[in-house]
Amino acid sequence: MSLVSQSKRAFADCHLALAQDLVRQDDVIDELNRECFHLVLEIGVDPDTREWAMTMLLAARAIERIGDNAVDIGEQVAFVVTGLFREFEDASHPGRLLPSID
């Protein structure tokens, strides 16, 4: 299931487990965004190739933000379901999950 579809379903069904799983999918997107960044650093000196690489990097960043927004939706679902607001992931330490709300 795509990240966007899953966030919509978690929201519509107030499904806590689906909401919490969004972090896992977002982590994959974050890693791909980092890989794109490193590839752009190594792209070379040809102006046309560099322009193409920068456009791809901007696209990767936009997709990464979609993942972040999906996680935010999941956090709001968790709030609706549990009455407690908390972030799923420690923003100051990406990749570090916070304890589950079950």
- Message: Are Leu39 and Met56 packed together at the side-chain level, in the sense that at least one heavy-atom pair is separated by less than 4.5 angstrom?
- Response: no
- Where is the tightest heavy-atom contact between Glu75 and Glu87, given as atom of each residue plus distance? OE2-CA, 3.3 Å
Determine all donor-acceptor pairs shorter than 3.5 Å in which one atom belongs to a side chain in residues 4-14; sequence neighbours excluded.
unit_1 : atom_1 : unit_2 : atom_2 : d
Ser5   : OG     : Ser2   : OG     : 3.0
Gln6   : OE1    : Gln25  : NE2    : 2.4
Gln6   : NE2    : Leu18  : O      : 2.8
Gln6   : NE2    : Asp21  : OD2    : 3.0
Ser7   : OG     : Leu3   : O      : 3.4
Ser7   : OG     : Val4   : O      : 2.8

- Query: Are Val40 and Met54 close enough that some pair of their side-chain heavy atoms sits under 4.5 Å apart?
  - Reply: yes
- Can you tell me how far CD of Glu89 sits from CZ of Arg24, rounded to the nearest 0.5 angstrom? 12.5 Å
Please list, one pair per line, the donor and acceptor atoms closer than 3.5 Å that link side chains of residues 58-65 to other protein atoms, with sequence neighbours excluded.
unit_1 : atom_1 : unit_2 : atom_2 : d
Arg61  : NH1    : Glu64  : OE1    : 2.2
Arg65  : NH1    : Asp68  : OD2    : 2.8

- Message: If you count every heavy atom of other residues, nucleotides or ligands that lies below 6.0 Å from Glu51 atom CD, does the total exceed 12?
- Response: no
- Just wondering, more than 12 heavy atoms not from Phe85 lying within 6.0 Å of its CZ? yes
- Query: If you measure from CZ on Phe37 to CZ on Arg34, what distance do you get to the nearest 0.5 Å?
  - Reply: 11.5 Å
- Message: Tell me the closest heavy-atom pair linking Ala19 and Phe88, and the distance in Å.
- Response: O-CE1, 3.3 Å
- Note on the structure: Rounded to the nearest 0.5 Å, the CG atom of Asn33 sits from the CD1 atom of Ile29 at a distance of 9.5 Å
- Note on the structure: Heavy atoms of Cys36 and Leu57 approach each other most closely as C-CD1, 4.1 Å
